[in-house]
Amino acid sequence: MSFPLNAPQREAVRYADGPLLVLAGAGSGKTRVITAKLAHLIERGAAPARLAAITFTNKAAREMRERAARLLGGQGKAEAARAVHVSTFHALGLAILRAERKALGLKPSFSIFDPADLEPIVAELVATADRARARAALWRISGWKNALVSPQAALATAEGDDALAAARAYVRYAEALAAYQAVDFDDLIVRPVELLERDAAARERWQQRFEHVLVDEVQDTNAAQYRLLRLLAGARARFTAVGDDDQAIYGWRGATLDNLAQLARDYPSLKVVKLEQNYRSTVRILRCANALIANNPKLFDKRLWSELGHGDALRVTPAADEEAEAELVVHALVAHRFEHRGRFADYAILYRGNHQSRAFETALRAQGIACVVSGGQSYFERAEIKDVVAYLRLVANDDDDPAFVRAVSTPRRGIGQTTLAKLSEVAARRDESLFAAVFAPEFRAAAQPKAREELERFCALVGDLRFRAPREPAGRLLAELLAGIGYEDWLLATLDKREAQARARSVAEFAAWLARRGDEDGKSLVELTQMIALITMLDGRDDDAPDAVRLSTLHAAKGLEFPHVFLVGLEEGILPHREAIDAGTVEEERRLMYVGLTRAQRSLHLSYCRSRKRAGQRVDCVPSRFLKELAQEDLRYAGQTLPPDEAAKARAAGSDRLRQLKALVAKG
DNA sequence: TAGAGATTAGTTTTT
DNA sequence: CTAATCTCTA
């Protein structure tokens with residue numbers, strides 16, 4: 001880490017008085033530039049607390065925090081490192097929202113709804129019982145919000161029944177959320193943007209708050225995030241935007257490369273620095289990556305180069321099906337590790353979709369090899385955690401009806417559909433929360449005495465915790481809550497022992513985490529509860545990870561690097577994904593493949609299946625078009641001499657015959 | 001009302 | 001072929 005910065009890196013670090021765009025190729029040391037720049041700005045006299053480094057994911061924020069701590073800590077400025085505002089866009093939005101909540105009509109303890117909470121609300125707004133329909137409408141609404149399209153504008157431009165229904169729902173959406181004193185993920189960006197645009201004083205305050213803003217992965221910002229950046233930068237426009245147009249992989253979430261082009265138009269004095277020296281990969285890996293991405297139209301011309309030597313050829317391996325592929329990869333991995341005397345943690349298996357992890361998990365487990373799966377179901381999405389968090393949310397905010405419903409029915413306490421239906425009817429008529437409706441005279445009259453008693457006991461428990469929340473440590477309150485509701489007993493009673501113990505353990509882990517964060521950072525239960533909605537992974541989880549192979553989606557792997565990478569499932573329909581082919585967004589898939597290739601430092605294995613099970617049926621697969629776009633002289637095809645398309649043709653004939661035979665056998 | 005079995009959908013990426 | 005939803009019974 002004590003290498004000197006190269007010339008463009010140095011330039012990027014020192015240019016601090018105006019708008020700067022750093023086009024940082026994969027592995028060109030962009031995190032290093034950002035942390036070095038933080039140090040440089042502090043050196044020049046900037047107050048650390050007035051520097052903001054904004055990332056896209058929690059993982060990136062954590063990494064940035066650690067790197068800054070290491071760099072500044074080494075200069076005896078550990079305090080400064082802690083003072084710098086390093087967070088995701090969403091966490092920054094939350095901070096603004098909390099500070100400005102009065103102007104936005106939110107109580108201090110507003111809730112943050114995740115898509116699961118929003119789905120039933122939107123279902124009601126579009127008057128459907130179909131979950132898929134509700135989700136589609138929610139998706140549309142989110143798209144409009146991220147593109148800063150108002151409900152009225154959406155209504156005016158919506159075409160087609162579904163879009164129109166979604167637009168009508170959008171018109172009433174904000175009002176619905178306000179009733180719950182809740183915001184959604186998009187609001188964390190959009191509401192601050194709206195506020196800063198209409199309120200000059202607030203805008204001035206926040207522009208003063210941050211003297212210099214550094215943004216990582218700008219190519220992944222959507223319209224709302226870009227606007228927030230501009231509002232924070234203000235007229236002084238002291239910001240450093242770092243990104244790589246070749247790694248833009250969040251178009252499906254509203255990110256748009258237009259922002260990168262817009263930057264130059266919005267800031268005529270924009271300085272552009274390119275980082276093209278790659279410090280990560282071998283020449284052959286880079287040559288393939290360059291060859292692949294050359295098939296995309298270029299926004300900025302950029303060519304990565306490396307001084308790390310030629311390295312091994314990239315291996316391309318076909319497999320019979322996903323199980324064979326998993327076995328093959330695991331065997332190759334074990335052999336490779338043995339030969340190089342490496343660690344399992346040096347290896348990553350990367351794939352397009354989460355469901356692809358399964359075959360590899362089983363194959364690794366069969367060999368007794370540990371693995372860490374990232375990008376899968378996040379910690380806070382696990383049922384037991386959501387159960388507990390529902391209580392916390394309800395303690396924080398009694399208008400939070402989704403949390404009420406979940407908490408009141410886990411563990412089961414004799415309150416079922418009938419009672420809840422009655423309660424929500426009363427709540428709707430009185431225009432108040434479910435929590436409040438428990439005490440409404442008409443509900444008390446209508447409800448069964450037993451259910452009523454249980455409900456009141458439940459509300460008393462929640463009320464007691466709420467009363468004590470501001471004064472007492474979060475950890476103790478949670479421990480008491482868990483004991484009070486008999487959560488562990490309930491788990492043991494409803495699940496088999498193994499599962500129950502696993503869940504109890506993860507709840508205990510969560511409780512410990514909450515207690516720690518509460519004590520160390522002095523965060524209240526309410527603050528912690530709001531933060532939880534934004535966190536996808538437990539901090540410091542990797543530290544206690546044993547020597548384990550990393551399994552990850554390509555999206556979740558961005559920003560990471562591994563000595564040895566297996567890129568699997570390289571088939572038409574998988575990568576590029578079928579939906580992307582149909583939607584005509586293959587370029588983004590190509591960038592995804594590019595991200596995958598450039599994660600590798602020294603060796604890269606590519607594999608694909610000749611057939612795959614889809615909904616129980618065996619389906620033939622065609623090797624990904626991207627394989628043909630690589631630098632063929634750097635590839636070595638295993639198990640065949642034919643190039644992939646020829647081989648596929650040859651196999652198709654063979655596998656047809658095989659299938660016919662199998663069908664005959666099945667018939668007897 | 002709650003839990004166990006039957007049925008029936010569905011397959012991208014995430015703050 | 002799963003995994004989640006739905007229906008039915010105790």
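Labels below follow one simple rule: chain letters A, B, ... track the order of the sequence lines, proteins then strands, and each chain is numbered from 1.
In this entry the distance linking CG of A:Asp321 with P of C:dC1 reads 14 Å, nearest Å. Taking atom CG on A:Leu491 and atom P on B:dG3, their separation rounds to 12 Å, with Å as the unit. Between the C1' atom of C:dT2 and the CD atom of A:Glu323 lies a distance of 13 Å, rounded to the nearest Å.
A heavy-atom distance below 4.5 Å is found between the side chains of A:Asp400 and A:Phe113.
An OP1 or OP2 oxygen of B:dT13 is reached within less than 4.0 angstrom by a side-chain nitrogen or oxygen of A:Asn354. In terms of phosphate contacts, A:Thr57 brings no side-chain nitrogen or oxygen within less than 4.0 Å of OP1 or OP2 of B:dT14. In this structure, A:Arg352 does not reach the B:dT13 phosphate: none of its side-chain N or O atoms is under 4.0 Å from OP1 or OP2.
Nucleotides C:dT5 and B:dT12 have their C1' atoms positioned 22 Å apart, rounded to a whole Å.
Under the 3.5 Å distance criterion, with hydrogens and angles disregarded, a donor-acceptor pair is assigned to the side chains of A:Ser142 and A:Asp186. Inspection of the A:His355 and A:Ser357 side chains reveals no N or O donor paired with an N or O acceptor under 3.5 Å. A side-chain donor-acceptor contact under 3.5 Å links A:Asn397 and A:Ser111. For A:Trp252 and A:Glu579, the side-chain atoms include no donor-acceptor pair closer than 3.5 Å. A:Ser607 and A:Glu325 are linked by a side-chain donor-acceptor pair at a separation below 3.5 angstrom, with hydrogens and angles left out of the test.
The aromatic ring of A:His577 sits over the base of B:dT12, with ring centres less than 5.5 Å apart and planes tilted by under 30°. Ring-to-base geometry does not place A:Phe56 in a stacked arrangement with B:dT15 (centre distance under 5.5 Å, plane angle under 30° required).
Contact annotation for A:Ile415: backbone-only contact, meaning every heavy-atom pair under 4.0 Å involves sugar-phosphate atoms and none involves a base.
Taking the six-membered ring where tryptophan is involved, the planes of A:His605 and A:Phe566 are essentially parallel, since the angle between them stays under 30° and well short of 60°.
Residues A:Glu589 and A:Arg412 both approach DNA chain B. Their nearest nucleotides, taken by heavy-atom distance, put A:Arg412 toward the 5′ side.
The base of B:dT15 is paired with the side chain of A:Arg253 by a donor and an acceptor separated by under 3.5 Å.
Taking only side-chain atoms of A:Glu579, from C-beta outward, the nucleotide of B:dT13, B:dT15, B:dT12 with the closest atom is B:dT12. Picking from B:dT12, B:dT15, B:dT14 the nucleotide with the shortest atom distance to the side chain of A:Tyr250 gives B:dT14.
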Polar atoms only, N or O, under 3.5 Å: list the protein pairs with nucleotides 5-7 of chain C and their distances.
| unit_1 | atom_1 | unit_2 | atom_2 | d |
| --- | --- | --- | --- | --- |
| C:dT5 | OP1 | A:Arg131 | NH1 | 2.2 |

